[in-house]
Amino acid sequence: METELTLRVDGATHHLRVDTRTSLLDALRQRLGATSPKKGCDHGQCGACTVLVGGRRILGCLALAVAYDGAEVTTAAGLAPGPDEDHPVHRAFVDHDAFQCGYCTPGQVCSAVGVLDELERGWPSAATADVAGGPDLGDPEALDREIAERMSGNLCRCGAYKGIRAALAEVAEGVRR
Amino acid sequence: MTATLEPRAIGRGLARRDGGAKVRGVAIYADETPVPDPLFCRIVQATVARGRVSDVDTAGATALDGVVGVMTSTEAERLASTDDAELAVLQGTEVGFRGQIVAAVLAETDEVAREAADLVRVTYAEEQADARLSADRGDLYTPESVNPTYPPDTHEGDVAAAMAEAPVTVEQTYTTPMHHNNPMEPHATTALWEDGHLTLWDSTQGVHPVRQTVTQIFGLEPEQVRVVCPYVGGGFGSKGNPHANVIMAAMAARAVPGRPVRLALTRQQMFSLAGYRTPTIQRMQLAAERDGTLRGIAIDVVEQTSRIKEFAEQTGVPTRNMYAAPNRRTTHRLAALDVPVPSWMRAPGECPGMFGPEVAMDELAAELGLDPVELRIRNEPEVDPETGKPFSSRNLVACLREGAARFGWAGRDHRPGMRLEDGWWVGTGVAASVYPTMRMPKSTATVTYDGGRYVARIGAADLGTGTWTVLPQIAADALDVPVEDVDVLIGDTDHPEASVAGGSSGTTTWGSALVEAVREFRDKYGEDPHDGDAASGSVNPNAAEEDYVMSAFGAQFAEVRVHADTGEVRVPRLYGVFAAGRIVNPRLARSQFLGGMTMGLGMALHEQSLLDPRTGHVVNHDLAEYHVPANADVDDLQAHWVDEDDPYVNAMGSKGIGEIGIVGTAAAVANAAWHATGVRVRDLPVTLDRVLPAR
Ligand code: FES
Ligand code: FES
């Protein structure tokens with residue numbers, strides 16, 4: 001069975017017809033050629049397919065495209081304000097060499113942007129000491145624990161975790177200031 | 001001895017040239033290659049480990065709208081070469097292992113292809129499978145050689161006599177489980193057969209090796225096959241050789257001329273088709289004097305291969321070169337089982353083969369009441385114990401000392417199970433790392449001058465290793481021009497032939513080819529070339545290999561905490577210090593070392609593929625059940641290196657760094673877990689059920 005839907009991806013509007021079984025990830029990658037989000041497992045186990053919908057991170061492989069009719073999807077390719085500009089997370093990832101092969105990276109970058117937003121909103125995580133008070137961004141060690149916890153859904157087989165943590169901490173510092 | 005390049009760009013921690021593309025996700029990987037109107041190929045895998053396919057019912061699949069074809073061994077084209085049973089896809093009805101490709105579906109969309117693959121009904125005449133590895137099997141055999149070409153066994157002196165006479169001995173068996181590489185990018189190919197010409201956009205560690213295999217198997221000329229791979233989403237050895245999926249993709253494309261075909265393995269399929277590290281059983285013997293001097297050292301290895309194709313992991317090989325001892329023995333025995341075909345995984349040989357020996361050394365140190373760092377220093381050989389040749393450079397002792405200083409090893413109480421802090425047993429451990437410095441025999445580069453820039457071409461690969469960035473640094477120093485003026489193009493068989501990115505040999509091999517090409521170029525055109533001037537050069541054999549043994553060394557230090565009630569194991573600190581020649585790009589090298597150590601942490605704590613011997617099936621075949629380290633598993637992780645000036649290895653003065661980081665990590669962690677709890681874990685991984693102190 002097929003159905004029609006509209007997706008806004010990185011600012012561009014697309015009307016498409018998809019098999020109703022199509023995941024959001026496959027709609028992006030296979031129908032629209034938006035291959036910034038990657039497929040590492042197709043089962044919600046690796047985070048490579050992470051995109052932002054309405055600013056919140058979701059796993060594209062666990063989302064059915066039909067459930068996202070009209071949604072505003074942002075991939076790592078669409079985060080920068082302009083084609084020749086960087087998002088601060090992009091820059092920090094390159095500076096801290098927060099990747100090697102680059103395959104998990106667009107998912108990490110989207111996740112990172114989502115995490116920074118969660119932290120700014122004061123949302124707690126399993127690593128938050130005072131759940132009611134929210135994450136303690138003033139304490140570098142607490143911040144590191146928050147980042148490690150919140151980024152643990154994005155696997156990196158190249159083992160770039162240290163760089164990823166440093167990159168996020170740097171951007172989080174900037175956000176706080 | 002080669003003249004070592006004056007380092008100007010070499011040694012600088014330049015950011016990755018492909019960084020901007022990767023952080024945006026616009027670097028194109030194999031399955032994403034923009035092609036018009038592709039078909040999707042999905043494979044059907046054997047559900048028995050041994051037997052014959054008696055019938056394939058394709059009716060349900062072909063009846064689906066959008067299915068273009070179903071390929072079985074009856075319809076599939078006959079291959080020109082079927083010598084390699086792993087790659088003889090759909091050439092017969094015999095099943096060699098569970099998960100083997102027995103059919104494939106081509107369809108207009110991925111969803112339809114997947115549904116159709118589910119509808120293919122395969123019937124088997126099943127035979128009793130034999131998939132249980134054990135050291136007691138009666139049919140273990142000695143392979144002719146172990147990977148790649150080492151003799152399987154070595155003997156010197158009499159280890160049995162040394163064991164009988166020595167005042168202190170260690171005799172234990174250690175095991176490492178089956179491991180899967182699991183690069184984040186699943187193995188994938190986009191293939192197009194058009195006008196007698198095959199193009200493969202393949203995720204591979206070597207475009208030329210893929211072309212060579214594919215031309216052989218399909219009986220094509222090299223000019224008929226182009227393989228392209230600018231970026232690889234990790235490989236760690238599993239993409240070092242083309243596996244059956246690549247042949248399947250090419251075969252599917254040849255069945256639909258003019259139509260591109262995409263074939264990406266699923267994560268689950270990778271556990272039977274993309275290679276893996278064999279489980280190993282390592283019987284260790286150490287015979288020592290009271291002062292720790294080794295009189296004898298032996299490792300007897302039992303491991304598995306597939307009944308249809310041999311791969312013999314060289315697990316015993318590092319023991320040949322590590323420590324001095326007059327009496328020595330290393331042996332390898334294989335069981336040929338009804339299991340998937342094992343292959344390369346990061347540091348084959350060294351990685352599993354430095355677990356048993358390095359834990360045994362820790363056990364010996366404990367027996368002697370000696371500092372395990374000191375024990376290793378006392379057994380440091382003057383020359384390579386196996387060949388008697390000197391090492392071109394060997395700085396294991398410097399790594400041990402530097403690591404001990406950084407880690408705060410001095411004053412360690414060597415007794416185990418003594419430190420309980422806030423409900424956690426705390427301990428520290430050390431182990432040594434080693435990895436040979438390899439150079440592949442074939443690689444060629446060209447250098448062209450064009451519009452004020454130098455452009456070098458070589459069919460090399462960047463699997464996250466930094467080739468896009470590091471080769472320009474080498475070329476720039478060879479040319480004596482700013483690195484900004486140099487481009488190096490890789491990842492395409494249209495470029496000159498390059499060797500596989502394996503054995504940590506890439507920078508040595510390709511860099512040497514570049515240096516030769518530059519020398520030719522300067523000889524021909526001098527310092528002031530004209531547009532279009534071009535020259536090529538190839539890697540030469542290293543004459544110094546006759547006289548010297550070349551290896552990188554390292555030392556890893558781990559702190560382990562084991563929760564006294566739950567047995568949860570944490571590694572709050574893991575420091576590695578390496579001696580690996582000159583570091584071409586510190587920023588990228590650090591990532592390589594840390595990445596290797598992180599994978600070693602996974603080996604220590606999490607990774608094990610559980611193969612059900614009754615069915616030959618890896619039951620935990622996904623990333624929810626085959627655990628690799630996640631972000632929060634990594635804590636204070638540090639990589640350092642000692643300066644090493646080695647004039648013999650190559651013009652860059654560099655040694656391979658991609659694999660050594662995983663070597664020794666698991667032993668350091670297991671040793672630290674013992675120091676924490678007093679429980680000696682000899683079977684990886686160090687899980688809570690194994691390490692919790694008995695009460
Ligand atoms: S591809 Fe979606 S989580 Fe792995
Ligand atoms: S950069 Fe390779 S998997 Fe993360």
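Worth knowing before you read on, the calculation uses all heavy atoms, side chains too, and leaves out hydrogens, waters and symmetry mates.
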Is it true that the NZ or CZ of B:R16 lies under 6.0 Å from the centre of A:F99's six-membered ring and within 45 degrees of the ring axis?
yes

Say you draw a straight line from OH of A:Y161 to CG of B:L594; how long is it, rounded to the nearest 0.5 Å?
13.0 Å

Quick check: does any side chain N or O of B:K22 sit under 3.5 Å from a backbone N or O of A:T105, one acting as donor and the other as acceptor?
no

With rounding to the nearest 0.5 angstrom, report the CE to CZ distance, B:M184 to A:R157.
9.5 Å

Just checking heavy atoms, which of residues 62-80 of chain A are less than 4.5 Å from chain B?
A:A76, A:A77

Considering only heavy atoms, which portion of B:Y231 lies under 4.5 Å from any heavy atom of chain A: side chain, backbone, both, or neither?
neither

A:Q100 and B:T465 side chains, donor-acceptor separation under 3.5 Å
no

So CG of B:L14 and CG of A:D97: to nearest 0.5 Å the spacing works out to 11.0 Å

Do B:N631 and A:S152 meet the criterion of a side-chain donor-acceptor pair at a distance under 3.5 Å?
no

Honestly, the part of B:N181 sitting under 4.5 Å from a heavy atom of chain A is backbone

Per-residue contact mode, B:Y626 against chain A (heavy atom under 4.5 angstrom)
side chain

Answer whether the closest heavy-atom distance between the side chains of A:C101 and B:F236 falls below 4.5 Å.
no

Donor-acceptor pair, A:K162 side chain versus B:L637 backbone, under 3.5 Å?
yes

Residues of residues 24-57 of chain A under 4.5 Å from chain B (heavy atom pairs)?
A:D26, A:R29, A:Q30, A:R31, A:T35, A:S36, A:K38, A:K39, A:G40, A:C41, A:D42, A:H43, A:Q45, A:C46

